[in-house]
Peer 1: 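This is the structure I have questions about; it appears just below.
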Number of protein chains: 2
Amino acid sequence: MMQHQPIASPESFTTERLCQRMLERHRDVIRVQKDHLAVRKLVKIVTAALDLSSRLGFHAMSLRDLSRESGVSMGGLYSYFDSKTTLLSMILTEVGVTATEVLGQAPADVRADPRRHLDWLIDTHIRLTEVMQPWFVFAFMEAKAFPQPARKMAVDSEEATEKIFAEALRLGAGRGLFQAGNPELTAALIKPLLQDWYVKRAKYRRRGIAIGDYVAAVSAFVSAALGDRPAVQP
Amino acid sequence: MMQHQPIASPESFTTERLCQRMLERHRDVIRVQKDHLAVRKLVKIVTAALDLSSRLGFHAMSLRDLSRESGVSMGGLYSYFDSKTTLLSMILTEVGVTATEVLGQAPADVRADPRRHLDWLIDTHIRLTEVMQPWFVFAFMEAKAFPQPARKMAVDSEEATEKIFAEALRLGAGRGLFQAGNPELTAALIKPLLQDWYVKRAKYRRRGIAIGDYVAAVSAFVSAALGDRPAVQP
DNA sequence: ATAATAAAATCGAACGCTCGCTCGATTTTG
DNA sequence: CAAAATCGAGCGAGCGTTCGATTTTATTAT
């Protein structure tokens, strides 16, 4: 608990840690008091919820399904949320907060160089969504079913990410590194390239494309589009 | 009925025509016999279904919602499908078939030039999904809820589209027009750029980005990434 | 034109079932 | 042995679906 925590890298976001953060954030709703018990069950519940939702969608998942799959009784579930919709919001919140937090944490020296910053953003985004794949798919697919406040948060989180990209592009264009006539539009086009990795994860797995290949491909694709000449031996 | 039909352009796929095709394809399930009556109601039902689904998802839409919104009674709905799942499949089938059909119809002279073919594919894909936006969003979002056969069709349709892109890329690379080391992966990266236009349609509308701007941006982005130098005055 | 009529299309109340959710009884924990 | 955590049967509401009654449609006879 008190141990020193390194700067959060994508890999550090295990389900366990995410559920810990979830517990802290929703202490008012979660009625179980002992942390170690609460986290242990939360992991079971959230894991089952993400799994069931990914198969048929959150709405199609009944709480009886969730109870069976997680091994927590119907009544027990309601010690962790006060409605099915609250569970939805809790998961989404965690995704939004984490994404914004991680992507805003580029080291100063990386941020100073727009070219490196862009590569760092691409790499970090893809690696984070790889580690939290079920979470991100959930947020992406169920976003429309959110209650108003959570929904706005999802949109804001998406826009925040795009802003970070647009800022790096603008800075790079200002220094004559990129041809980015319209940084906002270019950032908007980079986003779906990153999202495809988790939205269509099964496709890339089927084709045997590893995460490193994908990062490299997106990175090359983007920098070529920006007018960066690919690195060649002199 | 007997009138001469031009080569299908994206714009020709009105809801009315799509429902006509839907009727022909599902004559065995649809119990209404008079075509003009059937098409008129199908338009109402499908329009309402796409609208309601886009708001909360297909599963969350009850048939009472659909009945109210479409103006067709509960019993009446069941003259047009034999289960809620069948309605889902009917809409998906129409999307898959139409996409494959339209994108495979590039004129011979266009197909002969990989550069033009690529631009044609980008332009046609975006314009088709613009005209059929609710349909494509539906297929994209509800794909996981499909019964096995319809689901496979969705995946196949997606792969078919990508194959057409990969083929053009391979041809162009062979002629030394593009740097496309891995046509499959490049095609896989182009796809989400096209999908973003309909999946995040609201975002682009909010930002005042017109379809022509988007087509141009994707086209420029892709050809830059492929090593095509942007056209400049000599 | 109009009225009569059989077929087609439409309707909506009713059925059985499953849903989200609650709460008193029971088990586990420290 | 309290307090905390967990359980699962039971509640009312709303679901997808059905089906006999009713209205609309297209055709025929006047």
Side-chain angles (χ1 to χ4, degrees), chain A residues 19 22-23 26-46 48-49 52-53 55-91 142 145-147 150, chain B residues 19 22-23 26-46 48-49 52-53 55-91 142 145-147 150:
Chain A
C19 287
M22 208 160 157
L23 175 61
H26 300 280
R27 261 267 153 259
D28 53 325
V29 153
I30 299 174
R31 293 209 313 272
V32 175
Q33 300 179 30
K34 312 256 160 70
D35 281 15
H36 67 286
L37 287 178
V39 171
R40 185 149 49 92
K41 287 240 157 143
L42 258 184
V43 169
K44 283 184 182 177
I45 294 171
V46 171
L52 289 167
S53 296
R55 273 185 253 160
L56 293 168
F58 183 78
H59 245 101
M61 171 193 78
S62 79
L63 291 183
R64 281 164 186 83
D65 294 339
L66 183 57
S67 170
R68 191 177 346 95
E69 189 89 356
S70 66
V72 178
S73 69
M74 290 294 288
L77 292 175
Y78 276 79
S79 300
Y80 292 89
F81 47 79
D82 53 17
S83 79
K84 199 185 170 191
T85 303
T86 300
L87 174 61
L88 185 87
S89 294
M90 283 166 62
I91 298 176
E142 311 297 343
F146 291 147
Chain B
C19 287
M22 209 159 155
L23 176 61
H26 300 280
R27 261 268 152 258
D28 53 325
V29 153
I30 298 174
R31 293 209 313 271
V32 175
Q33 301 180 30
K34 310 258 160 70
D35 281 15
H36 66 287
L37 287 177
V39 171
R40 186 149 48 90
K41 289 242 155 140
L42 259 184
V43 169
K44 283 185 183 178
I45 293 170
V46 171
L52 289 167
S53 296
R55 273 185 255 159
L56 292 169
F58 183 77
H59 245 101
M61 171 193 80
S62 79
L63 291 182
R64 280 162 186 83
D65 293 339
L66 183 57
S67 170
R68 191 177 344 95
E69 189 88 355
S70 65
V72 177
S73 68
M74 292 292 288
L77 291 177
Y78 276 78
S79 300
Y80 293 90
F81 48 78
D82 53 18
S83 79
K84 200 185 170 191
T85 303
T86 300
L87 173 61
L88 185 87
S89 294
M90 283 166 65
I91 298 176
E142 310 296 345
F146 291 148

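Order of the sequence lines sets the chain letters (A, B, ...), proteins ahead of strands, with each chain counted from 1.
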Peer 1: For B:M74, does its backbone N or O pair with a side-chain atom of B:R64 as donor and acceptor, under 3.5 Å?
Peer 2: no
Peer 1: Side-chain N or O of A:H59 less than 4.0 angstrom from OP1 or OP2 on C:dG20?
Peer 2: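 Checking C:dG20 against A:H59, no side-chain N or O comes under 4.0 Å of OP1 or OP2.
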Peer 1: Check step by step if side-chain contact (heavy atoms from CB on, under 4.5 Å) holds for A:I30 and A:M90.
Peer 2: CA-CA 11 Å; A:I30 299 174; A:M90 283 166 62; 4.0 Å; yes
Peer 1: How many Å lie between CG on A:L37 and P on C:dT29, as a whole number?
Peer 2: 7 Å
Peer 1: Start at the 5' end of DNA chain C and walk down; is the nucleotide closest to A:G75 or to A:F58 reached first?
Peer 2: A:F58
Peer 1: Please work out if B:S67 contacts a base, only the sugar-phosphate, or nothing of the nucleic acid, heavy-atom cut-off 4.0 Å.
Peer 2: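 Touches nothing.
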Peer 1: Where does the chain A footprint on DNA chain D start and end, counting 5' to 3' with a 4.0 Å heavy-atom cut-off?
Peer 2: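 With heavy atoms of chain A under 4.0 Å away, the range is D:dA4 to D:dG10.
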Peer 1: Once you round it to whole Å, what is the distance between P of C:dT29 and CG of A:D35?
Peer 2: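 The distance from CG of A:D35 to P of C:dT29 comes to 16 Å, rounded to the nearest Å.
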Peer 1: With no hydrogens and no angle check, do the side chains of B:S89 and B:T86 hold a donor and an acceptor under 3.5 Å apart?
Peer 2: no
Peer 1: When all nucleic acid strands are considered with a 4.0 Å heavy-atom cut-off, which category describes B:F81: base, sugar-phosphate, or nothing?
Peer 2: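 No contact.
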Peer 1: Whole-Å distance between C:dG12 C1' and B:L77 CG?
Peer 2: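 Spelled out: CG on B:L77 to C1' on C:dG12 is 12 Å.
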Peer 1: Using the side-chain heavy atoms of A:S62, tell me which of these nucleotides is nearest: C:dT22, C:dA8, C:dC19.
Peer 2: C:dC19
Peer 1: Whole-Å distance between C:dC21 P and A:L66 CG?
Peer 2: 12 Å
Peer 1: Can you tell me the distance, in whole Å, between the CZ atom of B:R64 and the P atom of C:dA13?
Peer 2: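 So the two atoms are 11 Å apart, to the nearest Å.
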Peer 1: Could you check B:D82 against B:K34 and say which one's nearest nucleotide on DNA chain D is further toward the 5' end?
Peer 2: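 The residue closer to the strand's 5' end, by nearest nucleotide, is B:D82.
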Peer 1: How many whole angstroms separate atom CZ of B:R68 from atom P of C:dG12?
Peer 2: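 My rounded result for the distance is 13 Å.
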Peer 1: Enter the distance from A:L77:CG to A:D82:CG here, rounded to the nearest 0.5 Å.
Peer 2: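 Between atom CG of A:L77 and atom CG of A:D82 there are 12.5 Å.
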Peer 1: Using side-chain contact (heavy atoms from CB on, under 4.5 Å), reason through B:K84 and B:L87 one step at a time and then give a plain yes or no.
Peer 2: CA-CA 5 Å; B:K84 200 185 170 191; B:L87 173 61; 5.5 Å; no
Peer 1: Quick check: does any side chain N or O of B:R31 sit under 3.5 Å from a backbone N or O of B:Y78, one acting as donor and the other as acceptor?
Peer 2: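 Side chain of B:R31 to backbone of B:Y78: a pair is present.
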Peer 1: Once you round it to whole Å, what is the distance between C1' of C:dA8 and NZ of B:K41?
Peer 2: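 That distance rounds to 12 Å.
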Peer 1: Rounded to whole Å, please give me the gap between CZ in A:R31 and P in C:dC23.
Peer 2: 10 Å
Peer 1: Could you pick out which residue, B:T85 or B:H36, lies toward the 5' side of DNA chain D when each is mapped onto its nearest nucleotide?
Peer 2: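 Upstream on the strand: B:T85.
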Peer 1: Kindly indicate whether the side chain of B:F81, heavy atoms from C-beta on, has any atom under 4.5 Å from the side chain of B:H26.
Peer 2: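 No, their side chains stay 4.5 Å or more apart.
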Peer 1: Give the nucleotide from the list C:dG30, C:dG20, C:dC11 with an atom nearest to the side chain of B:V72.
Peer 2: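 From the listed options, C:dC11 comes nearest.
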